[in-house]
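See structure below.
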Amino acid sequence: MTETAEARLKRMRMRSWRRGTKEMDLILGPWADARLAGMSPEALDLYDVLLEENDQDLYPWITGHAVPPAHLTALLDEIGTFARTRLSPAS
């Protein structure tokens with residue numbers, strides 16, 4: 001049975017909010033809520049690949065403490081920028 005587009009987005013949002021570490025829940029969850037619905041099928045495929053990564057790898061990649069795999073760099077940069085903007089104090 002093929003996953004519907006609606007079911008896919010729901011699964012991806014759930015996996016974004018229920019990572020295993022609170023830090024990654026707070027980084028990926030809000031980003032997924034804000035961005036998933038507007039993403040192309042190809043971008044969703046890449047995000048699905050990212051969701052398969054371990055939090056212990058994702059966190060240093062997003063925070064810039066480790067070099068991410070080349071195929072995930074642009075997406076991780078986008079997520080990191082979103083998180084920093086969202087969490088920075090208002091001016």
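Screening residues 63-76 for salt bridge (Lys or Arg N to Asp or Glu O under 4.0 Å) gives no qualifying pairs among residues at least two apart or on separate chains. Every pair passing ring pair (Phe, Tyr, Trp, His ring centres under 6.0 Å) that includes a residue from residues 43-68 is listed here, sequence neighbours excluded: Trp31-Tyr47. The side chain to side chain donor-acceptor pair (under 3.5 Å) contacts involving residues 69-78 comprise Arg35-Glu78, where partners must be two or more places apart or lie in separate chains.
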Problem set entry | Verdict with reasoning, Asp55 to Arg19, per salt bridge (charged side-chain N to carboxylate O under 4.0 Å, His left out) | CA-CA 7 Å; Asp55 287 357; Arg19 293 296 306 170; 2.8 Å; yes

Exercise. Hey, mind stepping through Leu76 and Leu58 against side chain to side chain contact (heavy atoms under 4.5 Å, CB included) and telling me if it holds?
Worked result: CA-CA 8 Å; Leu76 290 166; Leu58 283 172; 4.0 Å; yes

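Leu75 places none of its side-chain heavy atoms less than 4.5 Å from the side chain of Val49. Side-chain contact between Ile27 and Phe82 is absent, with no heavy-atom pair separated by less than 4.5 Å.
When all heavy atoms are compared, the tightest approach of Leu36 to Leu9 is O-CD2, 3.8 Å. Between Pro60 and Asp57 the shortest heavy-atom distance is CD-O, 3.2 Å.
Residues that satisfy the side-chain contact (heavy atoms from CB on, under 4.5 Å) test with Arg11, not counting sequence neighbours, are Glu3, Arg8, Arg15, Asp48. For Glu6, the salt bridge (charged side-chain N to carboxylate O under 4.0 Å, His left out) criterion is met by no residue, not counting sequence neighbours. For Ala43, the side-chain contact (heavy atoms from CB on, under 4.5 Å) partners are Met39, Ser40, not counting sequence neighbours.
Between the side chain of Trp17 and the backbone N or O of Asp25 there is no donor-acceptor pair closer than 3.5 Å.
Taking hydrophobic clusters as Ile, Leu, Val, Met, Phe, Trp and Tyr residues chained together by side-chain heavy-atom distances below 4.5 Å, Ile79 shares a cluster with Leu46.
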